[in-house]
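What follows is one structure encoded as structure tokens, with my remarks underneath.
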Amino acid sequence: MDTVTIIILSSLAAMAIGILIGRSLTGKSANKKIRTAEEQSKLILKEAEVNAESIKKDKILQAKENFFKMKTEFEEESNRKKSILLTNEQKLKQKEINLNKQFEQIKRKEEEFERLREALANQMEIARQRKEEFEKMQKQQIKILEKAANLSADEAKTQLVESLKNEARTNASAQIKEIVAEAKMTAAKEARKVVIEAIQRTAAEHVIENAVSVFNIESDHIKGKVIGREGRNIKALEAATGVEIIVDDTPEAIIISGFDPVRREIARLSLHRLVQDGRIHPARIEEIVNKTTKNIIEEIVEIGERTVIDLSVHGLHPELIKMVGKMRFRSSYGQNLLQHSREVANLCATLASELGLNPKLARRAGLLHDIGKVWSEEPEKSHAIIGMELAEKYKENDEVCNAIGAHHDEIEMTSMISPIVQACDAISGSRPGARREIMEQYLKRLKDLESIALNFNGVNKCYAIQAGRELRVLVDANDIDDRQASDLSFNISQKIESDMQYPGQIKVTVIREIRAVSFAK
């Protein structure tokens, strides 16, 4: 039921109601109300008709608009499809024209080929005829020569062959010498070319390691907290980390001195955490240093894992990965050991690729060639032999083990990778500024200084500080009394005088400390 019908029915209902109301009323008032109701019903009816006509016109107009819109869309879609069809038809015509042209070109080439084939057949026939004529002439000349020389053709051939052999031998020996000399020159030139290309393709960064780290602070009042009352905080920190903490007039900086990079890093991170926390006292210092030491061990493993991933060295034993991480905190003649090993690994892979060898195996050997330098349990052996034994222990490839052990000519080379590792080690170490002999000697002197004190009974820890001018020895108070501590200091100093060469003098300080610990529960 549409809107117009509803309006008309409503109007009729209103009229009916009005009539009923009019009939029910009586008198003049009733008639008046009836007329009023009739007028209202007529007005309502007229208004309903006007509204119905307006709605009808709107509907018709809307329908026309929809019709024209649909017609326009249909025409646009038809034109678009017609345009696509015309374009495709033109493309097909163009392809047909191109195919016809290609067919004509092929037909012309076939005709040219046929003409060339016929010409070649004619030339072959002419050549055959000339060959027959030449053979006839050659036979006639041989007969004439045989009569003139009183030799048969076979005898003349034999004499000619012998003379040619002698001449060939003479020429061959001279040429062999020239070829050998040229081969040597070419081989040397090619070898230099391969090595130079490998060096150029390997990016290297050179960082000379030092023995000092700088810890930056926000303000100088933190220095007082670090020193503590009567210097107890700084003494506890030095005893726990084995480095020397230098607090001087340098603005907003504390100097950490020590030859071992791991100890310096532990001290630096511990200072950072203590300053951030604000609670700086001996017990807190020991707690933070212990936590930092554990974190450094985890960081070493993470560095090793990241290194083997970067170099695509797979299947490495976890202990070897840990040793690779330790390389980050070691140096070789002032050159960072991890950077040196990474560079050697990349150089080995490049050279192996140039020579047609296995680049993955060469990269693995290059990374592990100095692994023995981070193993301190057998100092009497060379690092190459220690590294080879470690590689054999952890089931590395035989070629890798041989390359590690032979890179300083301490064992015989049995694979082609071994000389590559040796050459790349020399290339990396001989770059300008890569190494510094003085630093290596300095670090070795400090390590020897500590090892002398550790060989005495009762010594727990030993730290060389102040650039090797002081040796601090921590002893167990239960094993060493005060008198023995004095004797120990004297004995260590005498041992240092007899076994070492060093500039100036070395102060030996033996620290004996008793701690009483109880727990309130």
Side-chain angles (χ1 to χ4, degrees), residues 1-112 203 216 218-219 269 272-273 275-279 291 295 298-299 301-303 305-312 314:
M1 187 178 292
D2 57 6
T3 308
V4 176
T5 307
I6 293 171
I7 294 172
I8 294 171
L9 290 175
S10 301
S11 303
L12 293 175
M15 286 180 62
I17 292 170
I19 292 169
L20 291 174
I21 292 172
R23 288 180 178 177
S24 63
L25 296 175
T26 56
K28 189 175 181 178
S29 175
N31 291 332
K32 186 177 179 180
K33 288 181 179 180
I34 290 170
R35 284 195 300 272
T36 304
E38 289 176 351
E39 290 176 356
Q40 288 180 352
S41 62
K42 289 178 181 179
L43 289 172
I44 291 170
L45 182 61
K46 187 175 181 180
E47 184 178 356
E49 290 176 353
V50 171
N51 290 336
E53 188 66 24
S54 176
I55 291 169
K56 182 178 179 182
K57 289 180 179 179
D58 290 341
K59 293 292 183 182
I60 292 170
L61 183 61
Q62 186 176 359
K64 287 181 178 181
E65 289 178 354
N66 290 335
F67 173 74
F68 282 118
K69 183 178 180 181
M70 292 174 66
K71 182 179 178 182
T72 303
E73 291 177 353
F74 176 76
E75 289 176 351
E76 290 177 353
E77 183 67 19
S78 299
N79 292 332
R80 188 179 65 81
K81 290 182 177 179
K82 189 183 292 183
S83 176
I84 293 171
L85 290 173
L86 289 173
T87 303
N88 291 336
E89 186 177 355
Q90 290 176 356
K91 289 181 179 179
L92 289 173
K93 287 181 178 179
Q94 186 64 36
K95 287 183 179 179
E96 186 177 358
I97 293 169
N98 293 335
L99 288 173
N100 291 332
K101 288 181 180 179
Q102 291 177 1
F103 179 74
E104 291 176 358
Q105 290 177 357
I106 292 170
K107 190 174 181 181
R108 285 196 300 271
K109 288 181 179 180
E110 286 180 351
E111 293 175 354
E112 291 177 0
N216 296 315
E218 294 180 356
S219 60
L269 293 176
H272 178 69
R273 292 181 179 180
V275 170
Q276 277 191 333
D277 185 44
R279 295 175 295 167
K291 289 182 179 179
N295 293 339
E298 295 174 358
E299 184 182 354
V301 176
E302 183 181 350
I303 291 171
E305 292 174 347
R306 188 164 59 248
T307 301
V308 297
I309 290 172
D310 291 343
L311 295 176
S312 299
H314 305 294

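Taking D58 as the reference, nothing meets the salt bridge (Lys or Arg N to Asp or Glu O under 4.0 Å) condition, with sequence neighbours excluded. Checked against side-chain contact (heavy atoms from CB on, under 4.5 Å), I60 has the following partners two or more places apart in sequence or in another chain: K56, K64. Applying the salt bridge (Lys or Arg N to Asp or Glu O under 4.0 Å) criterion to E299, with sequence neighbours excluded, gives no partner residue. The side-chain contact (heavy atoms from CB on, under 4.5 Å) check on V50 picks up nothing, with sequence neighbours excluded. E111 meets the side-chain contact (heavy atoms from CB on, under 4.5 Å) test with K107, R115; sequence neighbours excluded. In terms of the side-chain hydrogen bond (donor to acceptor under 3.5 Å, both in side chains) criterion, residue partners of Q276 (sequence neighbours excluded) are, by chain and number, H272. In this structure, K42 has no salt bridge (Lys or Arg N to Asp or Glu O under 4.0 Å) partners at least two apart in sequence or on a different chain. Not counting sequence neighbours, the partners of R306 by the side-chain contact (heavy atoms from CB on, under 4.5 Å) test are E302, I303, D310. For K46, the side-chain hydrogen bond (donor to acceptor under 3.5 Å, both in side chains) test picks out no residue, with sequence neighbours left out. Applying the salt bridge (Lys or Arg N to Asp or Glu O under 4.0 Å) rule to E89 yields the partners K93; only residues at least two apart in sequence or on another chain are considered.
Note that the CG atom of L92 and the CG atom of L99 stand 10.5 Å from one another [nearest 0.5 Å]. Annotation: the span from E53 atom CD to E49 atom CD amounts to 9.5 Å, rounded to 0.5 Å. With values rounded to the nearest 0.5 angstrom, E73 atom CD is found 11.0 Å from E75 atom CD. Going from atom NZ of K69 over to atom CD of Q62 covers 11.0 Å, rounded to the nearest 0.5 Å.
Sorted by first and then second residue, the side chain to side chain donor-acceptor pair (under 3.5 Å) pairs involving residues 79-88 (not counting sequence neighbours) are E77-R80.
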key: Trace of the side-chain contact (heavy atoms from CB on, under 4.5 Å) decision for S78 with E76   = CA-CA 5 Å; S78 299; E76 290 177 353; over 6 Å; no
